[in-house]
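Just so you know, these numbers use all the heavy atoms, side chains as well, and skip hydrogens, waters and symmetry mates. Computed from a predicted structure; not experimentally measured. When a residue number appears, it is its place in the shown sequence, counting from 1.
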Amino acid sequence: MTSMDSVTESSLDHVGDGIDSLNAAWSFGGNTPKNFDSHVSKSVPKYHDGHELILSLSDFFINKNSVVYELGSSTGALTRKLAKRHPLGAKFVGIDIEEAMTQQATIQLAEHAENKNVSFLTDDILNFPYEKSDFIVAYYTVQFIPPCVRQQLLDRIYQSLNWGGAFVLFEKVRGPDARFQDIISSLYVDYKVEQGYAAHEILAKSRSLKGVLEPFSAAGNQDMLNRAGFLDVMTIFKHICFEGFFCIK
């Protein structure tokens with residue numbers, strides 16, 4: 001990740017919600033963690049609706065002996081919600097490679113005393129030593145993993161799950177062809193304008209994500225899940241260029 005401490009103010013672009021970034025160097029560090037929740041809630045359509053859907057799905061898989069992972073847990077909001085919904089002994093682990101995010105998640109966790117069965121770890125989800133688990137969530141995370149090792153991550157997730165366990169994957173997706181991509185890109189820009197972002201903020205965010213965010217198409221994600229071993233996969237959420245996949249081992 002690019003350190004914001006090593007650049008001048010004039011070289012930074014403002015992407016909205018008090019967050020600055022560089023061209024082709026979006027970072028979840030710097031000043032992002034403190035402003036992340038408000039930013040992502042506005043940037044991703046129906047962001048909290050996705051949380052509620054995942055919470056409802058979790059009822060079918062989490063029991064008092066379960067291990068639950070959120071990969072790319074950012075400020076820990078979803079992990080805390082899962083723990084609050086299932087307070088009887090399950091173990092909840094949020095993993096994020098960005099230490100500033102883990103620190104912010106730990107600060108917010110301290111404000112919720114009921115979540116004693118939650119921990120946030122700074123680690124690489126590609127190499128983390130997973131325990132056998134019943135429920136794993138990657139909520140708009142895998143799209144930031146380099147494509148050359150993305151399959152490796154999905155393989156490890158499949159191997160980590162107990163038989164009958166579930167993996168929930170939410171991703172930004174590309175259109176199936178150029179015409180669809182043009183349309184959904186335009187709709188997404190319209191959405192951001194409706195959220196109050198200025199044109200220069202929308203452009204700055206797009207510039208910052210070059211080479212950092214690499215979405216696959218819905219079919220590309222489906223193929224990757226199948227190769228990992230997931231044969232039972234369905235779409236549970238779809239809005240413009242955002243999709244949620246529900247997979248059972």
Strictly distance-based, threshold 3.5 Å: is any side-chain N or O of [X] a donor or acceptor partner for the main-chain N or O of [Y]?
X: S119; Y: G94; result: no
X: K249; Y: Y158; result: yes
X: N226; Y: F230; result: yes
X: S206; Y: L203; result: no
X: S41; Y: S38; result: no
X: Y191; Y: K42; result: yes
X: D134; Y: I62; result: no
X: Y130; Y: L161; result: no
X: S208; Y: K205; result: yes
X: Q181; Y: R174; result: no

Please find the pair of heavy atoms, one from [X] and one from [Y], that lie closest to each other, and give the distance.
X: A83; Y: N117; answer: CB-OD1, 3.9 Å
X: I184; Y: V173; answer: CD1-O, 4.1 Å
X: G50; Y: F170; answer: CA-CE2, 4.1 Å
X: F92; Y: H86; answer: CE1-O, 3.6 Å
X: V193; Y: I202; answer: CG2-CD1, 3.7 Å
X: R85; Y: L55; answer: NE-O, 3.1 Å

Test of understanding: clusters of I, L, V, M, F, W, Y form through side-chain heavy atoms closer than 4.5 Å, transitively. Do [X] and [Y] belong to the same one?
X: Y140; Y: I136; result: no
X: I107; Y: L121; result: no
X: V137; Y: V40; result: yes
X: F180; Y: Y188; result: no
X: Y139; Y: F135; result: yes

Working to the nearest 0.5 Å, report the span between [atom1] of [X] and [atom2] of [Y].
X: E98; Y: Q104; atom1: CD; atom2: CD; answer: 12.0 Å
X: T102; Y: F120; atom1: OG1; atom2: CZ; answer: 8.5 Å
X: I54; Y: D49; atom1: CD1; atom2: CG; answer: 11.0 Å
X: N221; Y: K172; atom1: CG; atom2: NZ; answer: 13.5 Å
X: E52; Y: L78; atom1: CD; atom2: CG; answer: 9.5 Å
X: S74; Y: F36; atom1: OG; atom2: CZ; answer: 4.0 Å

- Would you indicate whether the side-chain heavy atoms of L225 and F167 approach each other to under 4.5 Å? yes
- Heavy-atom side-chain proximity of S185 to V189 below 4.5 angstrom: no
- Item | Residue from D37, D96, T106 passing side-chain hydrogen bond (donor to acceptor under 3.5 Å, both in side chains) with T75 | D37
- Message: Which label fits F61 and F246: parallel for a plane angle under 30°, tilted from 30 to 60°, or perpendicular past 60°?
- Response: perpendicular
- Task: Take F216 and Q222, measure what side-chain contact (heavy atoms from CB on, under 4.5 Å) needs, and give me the verdict at the end.
- Result: CA-CA 10 Å; F216 286 175; Q222 179 80 47; over 6 Å; no
Indicate every side-chain donor-acceptor pair of residues 232-245 with a distance under 3.5 Å to a residue at least two apart or in another chain.
| from | atom 1 | to | atom 2 | distance (Å) |
| --- | --- | --- | --- | --- |
| T235 | OG1 | E243 | OE2 | 2.7 |
| K238 | NZ | E243 | OE1 | 3.1 |

Just list the side-chain donor-acceptor pairs under 3.5 Å for residues 144-157, sequence neighbours left out, or say none.
| from | atom 1 | to | atom 2 | distance (Å) |
| --- | --- | --- | --- | --- |
| R150 | NE | V142 | O | 3.2 |
| R150 | NE | I145 | O | 3.0 |
| R150 | NH1 | E214 | O | 2.8 |
| R150 | NH2 | Q143 | O | 3.3 |
| R150 | NH2 | I145 | O | 2.6 |
| R150 | NH2 | E214 | O | 3.0 |
| Q151 | OE1 | R227 | NE | 3.0 |
| Q151 | OE1 | R227 | NH2 | 3.2 |
| Q151 | NE2 | D155 | OD1 | 3.0 |
| Q151 | NE2 | M224 | O | 3.1 |
| R156 | NH1 | L126 | O | 2.8 |
| R156 | NH1 | F128 | O | 2.9 |
| R156 | NH2 | F128 | O | 2.8 |

- Item | Derivation of the side-chain contact (heavy atoms from CB on, under 4.5 Å) call for E70 and K81 | CA-CA 11 Å; E70 184 187 2; K81 291 177 185 178; over 6 Å; no
